[in-house]
Amino acid sequence: MPVSSGARLATRTYTGAVRTIVLLGSTGSIGTQTLDVISSRRDEFRVVGLAASGSNVELLAQQVIEFQPDVVALARAAAANSLQKALYAEAERRGWSEGGYALPRLLLGPDAAAELAAAECDVVVNAVTGAAGLRPTLAALRRGTTLALANKESLVIGGRLVVDAAAPGQIVAVDSEHSAFAQALRAGRSDEVRRLVLTASGGPFRGRARDELRDVTADQAMAHPTWDMGRVITINSATLVNKGLELIEAALLYGVDYDDIVVTVHPQSIVHSMVEFHDGSTIAQASPPDMRLPIGLALTWPKRMRDAASPCDWTTAASWTFEPLDDATFPAVELARRCGRAGGTAPAVFNAANEACVDAFCDGRIGFLDIVDTISRCVSEHLADGHVPDEGLTLDSVLRADEWGRARAAELAGAMS
């Protein structure tokens, strides 16, 4: 099973000079960890732009004062006044006199992140959550900037649009699993690869039967055993929708057939994924669950960042286990595989319906099992009427599918309330 090394696997060389960084989604989990990685390496990186939704202006103000970006993008224009007040309050808290720092230029509105993504810089880190990351991803690719992609949804829903827009070496994966694939693929030639082995923690409900999940709560679903993440991705990890999205992402990034990607449950989250070669060898990438390692690698790929995160402790006894995925209890991965094979707008409906269902579940309007059941119904309806295949895919068709998937899932969720 040859692995494509075209536009998806980054090979650009990091020279060691100061790299300018635009960070989208700066107040989220990946965004804050990216700034943590950069904070102790100011001689290597300079943050020139930050983008956020505007839901946490106090944290954004701290980031602006700390990193002094030239530009800040806010999706919620109404948050601009609150940000300005938070900036003055943060400056005062630090003992700075009024006027002791330069205010950044503000970009406001739903297209602000995409505008910032098109700015001149060395690396755009797209850590926006959900489908909102698609326009910024395409903007960065059109600009020719290296894209450190944590927003898997933009690749999943954009599909061929994103793949075809990417130049050789332009996309670097930030997801720990896809970073692991990139590292393990160095062990052999592309024509020596048999399959990719995608690991999953199993989430908080690993080992439970389907009937045992009927009455679980949002708080229980948010209790991930190994990772500290945002709401949507944590719920996605509980339903295994996240693993389905990662399966589609892996196929698109590395040009792998869906039949050549297998998911295995590894609850310790130490082995982040593996590549199996045709001679029987399997190369695994292992490290403690710490996103600073793949973030650091994405910022400096193909070179490694020294001391980005702590390694495994080989002086302490430990056991790593692997088990097959229970597809009957967690059908999201096979549903995603179906969508990936269909291509076109099917993955956009899968993702959009899921985001609407996560909101409905967290609001108490549907049950946990209703999430994937509703997504499945939306996908089936879309494939029967309205699906646009890869050959006819456009940005407008993706956005229409996204809008339809959200609306239909919300309609079905409303009927359950």
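One is the number of the first residue; the rest follow in order along the sequence. These numbers come from the heavy atoms of this one structure, side chains and all, not from hydrogens, waters or symmetry mates.
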Should the pair [X]-[Y] be classified as a salt bridge under the 4.0 Å nitrogen-to-oxygen rule?
X      : Y      : value
Arg408 : Glu411 : yes
Glu334 : Arg338 : no
Arg377 : Asp370 : no

Any chance you could measure [X], atom [atom1], to [Y], atom [atom2], to the nearest 0.5 Å?
X      : Y      : atom1 : atom2 : answer
Leu50  : Phe67  : CG    : CZ    : 8.0 Å
Ile21  : Thr146 : CD1   : OG1   : 9.0 Å
Cys339 : Leu245 : SG    : CG    : 9.5 Å
Ile233 : Asn242 : CD1   : CG    : 4.5 Å
Ile283 : Phe181 : CD1   : CZ    : 13.5 Å

Side-chain touch [X]/[Y], heavy atoms, less than 4.5 angstrom:
X      : Y      : result
Asp36  : Ser39  : yes
Asp359 : Arg231 : yes
Pro302 : Arg186 : yes
Glu381 : Trp404 : yes
Val162 : Leu134 : yes
Asn151 : Leu149 : yes
Pro136 : Val124 : no
Ile270 : Ser287 : no

> If you measure only the distance, is there a donor-acceptor pair under 3.5 Å linking the side chains of Glu177 and Thr199?
Replying inline: no
> Would His272 and Ser179 count as having a side-chain donor-acceptor pair, cut-off 3.5 Å?
Replying inline: no
Minimum heavy-atom separation for [X] and [Y], please, with both atom names.
X      : Y      : answer
Val128 : Gly133 : CG1-N, 3.8 Å
Ala238 : Ala221 : CB-O, 3.8 Å
Leu196 : Ala250 : CD1-CB, 4.4 Å
Ser26  : Leu60  : OG-CD1, 3.6 Å
Pro324 : Val265 : O-CG2, 4.1 Å
Ala79  : Gly54  : CB-O, 3.8 Å

Would you find a donor on one side and an acceptor on the other, under 3.5 Å apart, between the side chain of [X] and the backbone of [Y]?
X      : Y      : value
His178 : Glu246 : yes
Gln33  : Ser29  : yes
Tyr258 : Leu247 : no
Gln62  : Glu90  : no
Arg195 : Asp260 : no
Gln170 : Leu141 : yes
Thr20  : Asp122 : yes
Ser376 : Val372 : no
Ser82  : Ala78  : no
Arg142 : Ala118 : no

My understanding is that only residues two or more places apart in sequence, or in another chain, count here; which of them pass salt bridge (charged side-chain N to carboxylate O under 4.0 Å, His left out) with [X]?
X      : value
Arg189 : Asp191, Glu192
Asp390 : none
Asp363 : Arg365

> Quick one: salt bridge (charged side-chain N to carboxylate O under 4.0 Å, His left out) pairs with a partner in residues 199-225, sequence neighbours left out?
Replying inline: Arg206-Glu323, Arg210-Asp373, Asp211-Arg214
Of all residues at least two apart in sequence or in a different chain, which pass the side-chain hydrogen bond (donor to acceptor under 3.5 Å, both in side chains) check with [X]?
X      : value
Arg304 : Gln183
Asp396 : none
Thr264 : none
Glu355 : Asn351, Arg406

>> Around atom CZ of Arg105, are there more than 12 heavy atoms from other residues, nucleotides or ligands closer than 6.0 Å?
In response: no
> In this structure, are over 12 heavy atoms from other groups packed under 6.0 Å from Glu403 atom CD?
Replying inline: no
>> side chain to side chain contact (heavy atoms under 4.5 Å, CB included), that's the test. Do Ile371 and Asn354 meet it? Break it down for me.
In response: CA-CA 7 Å; Ile371 297 175; Asn354 173 68; 3.9 Å; yes
>> Show me the pairs that pass ring pair (Phe, Tyr, Trp, His ring centres under 6.0 Å) and involve residues 115-166, at least two apart or across chains.
In response: none
>> Test: side chain to side chain donor-acceptor pair (under 3.5 Å). Region: residues 126-139. Which pairs qualify, not counting sequence neighbours?
In response: Asn126-Thr137, Thr137-Ser154
>> Apply side chain to side chain contact (heavy atoms under 4.5 Å, CB included) to residues Phe322 and Val197 and explain how you reach the verdict.
In response: CA-CA 11 Å; Phe322 302 89; Val197 183; over 6 Å; no
Atom pairs and distances, donor-acceptor, side-chain atoms in residues 341-348, under 3.5 Å, two or more places apart:
unit_1, atom_1, unit_2, atom_2, d
Arg341, NH2, Asp259, OD1, 2.4
Thr345, OG1, His382, NE2, 2.7
Thr345, OG1, Val388, N, 2.9

> After noting the C-alpha distance and the side-chain angles of Val163 and Leu155, does the key distance pass the side chain to side chain contact (heavy atoms under 4.5 Å, CB included) rule?
Replying inline: CA-CA 8 Å; Val163 169; Leu155 178 58; 4.1 Å; yes
>> So, using ring-ring contact (aromatic ring centres under 6.0 Å, His included) as the criterion, who are the partners of Phe361 when residues are at least two apart?
In response: Phe368
> Checking side chain to side chain contact (heavy atoms under 4.5 Å, CB included) for the pair Ile248/Lys152: CA distance, chi angles, key distance, verdict?
Replying inline: CA-CA 9 Å; Ile248 298 174; Lys152 66 174 69 68; over 6 Å; no
